[in-house]
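What follows is a set of notes on a single structure, which appears directly below.
By convention here, the first residue in the shown sequence is residue 1. This one's a predicted model, so the numbers in the text were calculated from it and none came from an experiment.
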Amino acid sequence: MEGPSVPSVPRASGAQWKRHIVRQLRQRDRTQKALFMELVPAYNHLLEKAELLAKFSEKLKWESKDVTPTAHQGSWEESSGTVSDQILSPVTLRVKWQEEEKGLQLVCGEGSSPGLSHGELYQGSEQPQTSPQCTLPRPHGEGTRNRLGALEACVVQLREARTQQARQLKERLEQNAALREAYEGLRANAVHGEATLRRLQEEARDLLDLLVQRKARAAAERNLCNERRERANQALVSQELKKAAKRTVSISEIPNTLDDGIREETVTLAPAAEPEFPESEACGTWKRPFSFKKRRGHSVGGAPEPRYQSIPMCVAAQIPTQAQDVLEAHLSEVNAVCFGPNSSLLATGGADRLIHLWNVVGGRLEANQTLEGAGGSITSVDFDPSGAQVLAATYNQAAQLWKVGETQSKETLSGHKDKVTAAKFKLTRHQAVTGSRDRTVKEWDLGRAYCSRTINVLSYCNDVVCGDHIIISGHNDQKIRFWDSRGPHCIQVIPVQGRVTSLSLSHDQMHLLSCSRDNTLKVIDLRVSNIRQVFRSWTRSLSATWLLTPALSILRADGFKCGSDWTKAVFSPDRSYALVGSSNGALYIWDVDTGKLESSLWGPHCAAVNAVAWCFSGSHVVSVDQGRKVVLWH
């Protein structure tokens, strides 16, 4: 009879496999105990039968002793030899006693009865019978023989069952020994594995701490090297500019306004080391104002660069009041949104590596086409001023260029060593700018898909905007930097409180809107290079330095909070309003001139708003969030 199969021990960790083995052992013990409990009653019944047969054999013994004469003394050969005719002969007695012996053996089994032995029976049969009153017990009846036969069969079955149970018990003991050995082996392996795991965890923690320390040291050394290189470059450029300023320039065909521009350039391009202004100085006027007027060398002695036609702007933007259309446009988080120059074409990009183009028709968003081919999450989307091309920044260390109407990517602008966080078209044709987390800003010639210039910007770049001859970058080190389009040197630095998440340049290029992780929006007047207004949440406390700063108004809105490092804020097309989305799903609109909170829009968004866009006609606003929704407001 095969024993129950022992289930395999599952691979578990910790104390679970120990409890599993204990449960299996208990189950096996219960099974074997049940088998033994079935065997015990049968064994007890056998003992009772054996005791009954022992008593019966004892009775037969005493009856056999009564057959022998009491007056007999000595051996069988010393008898008188005169026996009565009624006394049986020894041969007859021997035959009858052998029959009785066989019957007792059938009942009691071999060696089971404490009664007469073979020697005693034969000895008793050989003694002379001198008494005429000696009688033998009558032979058993047929019913007794049948009963003895049944008992004999039962004894045989019980012996076979006992033998089988003994064999099963031996097998169980062998299985228990094997399981015990396996358990001890698993226990030893588990102890060794736990010790190895603890050692590896400690080594991993040590390696992680060492890696963090080395990265911090390398970053500090790299920042120091970049700062030194920047100071050296600025000192060299300063010397060259001082020499150039001493030279006499004669331009007869240029009116006096150009001379003013040249003098202004001399003041503007005076380089210096990047100042570490405190927040109180950030709100005042910097000593180095800059201008977006054309530099010397671009107006005389060279062919003008081809430019896009100016995009028509609305006279007065309309403040949206309600949501007209709500769509779950992407498979995951939506990070970027942008209107085309005709205000009827819209592009959205998300973490699903797709760009969807939409048509705004009758207050609804209708799917136009899907642009594929991006190798990573979309972080920024931009239309060129003609509306014929779409440029997107991706997390696969490149920017992708599509032509509207074609689903596959036209060009891949690769060269960055980390995630590309911003990609914008310049106002001159076939040129673009990208910013990356590898601490560089690159200018691209789109006609040849060639990087024409790389600028080391000293910190992670989160967003860029382009003017006529200037590039503005917002960084993770809480600074806004201004770069001349002709050289790698920085001409202006504006510190802000918090990591810069987005920049928006007004259409007249006179005002800059920045959004940062300190939950503030700042309007910077580029004509005088100072922060004009600050929009922030009610929950932020205002320091005395901010309150005492002249010509600066701080406007607060209840509940506004920047939701991520790529939250985008924009100007309205006429630069009258500032629009931004909050982490609570609301949209906030401020009046830039008065600083008043004009409106806060609530409703469809249940997650943090990542980006917003205001169409060039001023009639529609689109917002996207981390919950895959695109909302059209009117």
Backbone of [Y] reached by a side-chain donor or acceptor of [X] within 3.5 Å:
X: Thr434; Y: Ala423; answer: no
X: Gln533; Y: Val592; answer: yes
X: Ser600; Y: Leu587; answer: no
X: Asp382; Y: Phe425; answer: yes
X: Ser459; Y: Asp477; answer: yes
X: Ser502; Y: Ala569; answer: yes
X: Ser414; Y: Ala398; answer: no
X: Ser516; Y: Gly498; answer: no
X: Ser504; Y: Phe571; answer: yes
X: Thr501; Y: Thr567; answer: yes

Could you state the interatomic distance from [atom1] ([X]) to [atom2] ([Y]), rounded to the nearest 0.5 Å?
X: Ile471; Y: Lys426; atom1: CD1; atom2: NZ; answer: 5.0 Å
X: Ile472; Y: Ile480; atom1: CD1; atom2: CD1; answer: 8.0 Å
X: His605; Y: Asn610; atom1: NE2; atom2: CG; answer: 10.0 Å
X: Gln400; Y: Ser409; atom1: CD; atom2: OG; answer: 4.0 Å
X: Glu333; Y: Ser564; atom1: CD; atom2: OG; answer: 7.0 Å

- side-chain hydrogen bond (donor to acceptor under 3.5 Å, both in side chains) between Trp566 and Thr421, worked out: CA-CA 8 Å; Trp566 51 88; Thr421 55; over 6 Å; no
- So which pairs with a foot in residues 361-372 pass side chain to side chain donor-acceptor pair (under 3.5 Å), sequence neighbours left out?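 As it turns out, the side chain to side chain donor-acceptor pair (under 3.5 Å) pairs with a partner in residues 361-372, which skip direct neighbours, are His356-Thr370, Asn359-Asn368.
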- Item | Passing option when Ile378 is tested against Asp352, Ile355, Val334, Thr348 for side chain to side chain contact (heavy atoms under 4.5 Å, CB included) |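 By the side chain to side chain contact (heavy atoms under 4.5 Å, CB included) criterion, Ile378 pairs with just one of Asp352, Ile355, Val334, Thr348: Ile355.
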- Pick one: which of Arg222, Glu230, Arg228 meets side chain to side chain contact (heavy atoms under 4.5 Å, CB included) with Asn226?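 By the side chain to side chain contact (heavy atoms under 4.5 Å, CB included) criterion, Asn226 pairs with just one of Arg222, Glu230, Arg228: Arg222.
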- Message: Within a 6.0 Å radius of atom CZ on Arg199, are there more than 12 heavy atoms belonging to other residues, nucleotides or ligands?
- Response: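 Correct, the count exceeds 12.
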- Query: With a 4.0 Å cut-off, would you call Asp384 and Arg429 a salt bridge?
  - Reply: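 Between Arg429 and Asp384 there is no salt bridge, as every charged N stays at least 4.0 Å from the carboxylate O atoms.
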- Query: Is it true that Lys442 and Asp438 make a salt bridge, defined as a side-chain N closer than 4.0 Å to a carboxylate O?
  - Reply: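 Judged by the 4.0 Å cut-off on N to carboxylate O distance, Lys442 and Asp438 do not form a salt bridge.
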- Query: So do Asp625 and Pro604 actually touch side chain to side chain, heavy atoms under 4.5 Å?
  - Reply: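 No. Closest side-chain heavy atoms not under 4.5 Å.
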Between [X] and [Y], what is the shortest heavy-atom contact and its length?
X: Ala392; Y: Trp402; result: CB-CZ3, 3.6 Å
X: Ala317; Y: Pro573; result: CB-CD, 4.2 Å
X: Gly435; Y: Val420; result: O-CG1, 3.5 Å
X: Leu503; Y: Gly474; result: CD1-N, 3.4 Å
X: Ser617; Y: Ser343; result: N-OG, 3.0 Å
X: Leu512; Y: Val465; result: CD1-CG2, 4.1 Å

- Message: Evaluate Val337 against Val630 for side chain to side chain contact (heavy atoms under 4.5 Å, CB included), listing each step before the verdict.
- Response: CA-CA 9 Å; Val337 60; Val630 176; 5.7 Å; no
- Item | Tyr588 and Phe560 aromatic ring geometry - parallel, tilted or perpendicular at 30°/60° bounds |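 Correct class here is perpendicular.
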- Relative to the ring of Trp590, is the ring of Phe535 parallel (under 30°), tilted (30 to 60°) or perpendicular (over 60°)?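 Aromatic pair Phe535/Trp590 classed parallel.
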- Between Trp358 and Leu327, does a side chain to side chain contact (heavy atoms under 4.5 Å, CB included) hold up when you go through it step by step? CA-CA 11 Å; Trp358 310 85; Leu327 298 175; 3.6 Å; yes
- Query: Arg439 and side-chain hydrogen bond (donor to acceptor under 3.5 Å, both in side chains): which partner among Asp418, Asn456, Asn223?
  - Reply: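 Looking at Asp418, Asn456, Asn223, the match for Arg439 under the side-chain hydrogen bond (donor to acceptor under 3.5 Å, both in side chains) is Asn223.
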- Using the side chain to side chain contact (heavy atoms under 4.5 Å, CB included) rule, take Asp463 and Lys424 through it: C-alpha gap first, then chi angles, then the decisive distance, then the call. CA-CA 9 Å; Asp463 200 6; Lys424 300 291 178 65; 3.4 Å; yes
- Message: Using the rule given for side chain to side chain contact (heavy atoms under 4.5 Å, CB included), can you reason through Val631 versus Asp325, listing the C-alpha separation, both sets of side-chain angles and the distance that settles it, and then say yes or no?
- Response: CA-CA 6 Å; Val631 181; Asp325 198 5; over 6 Å; no
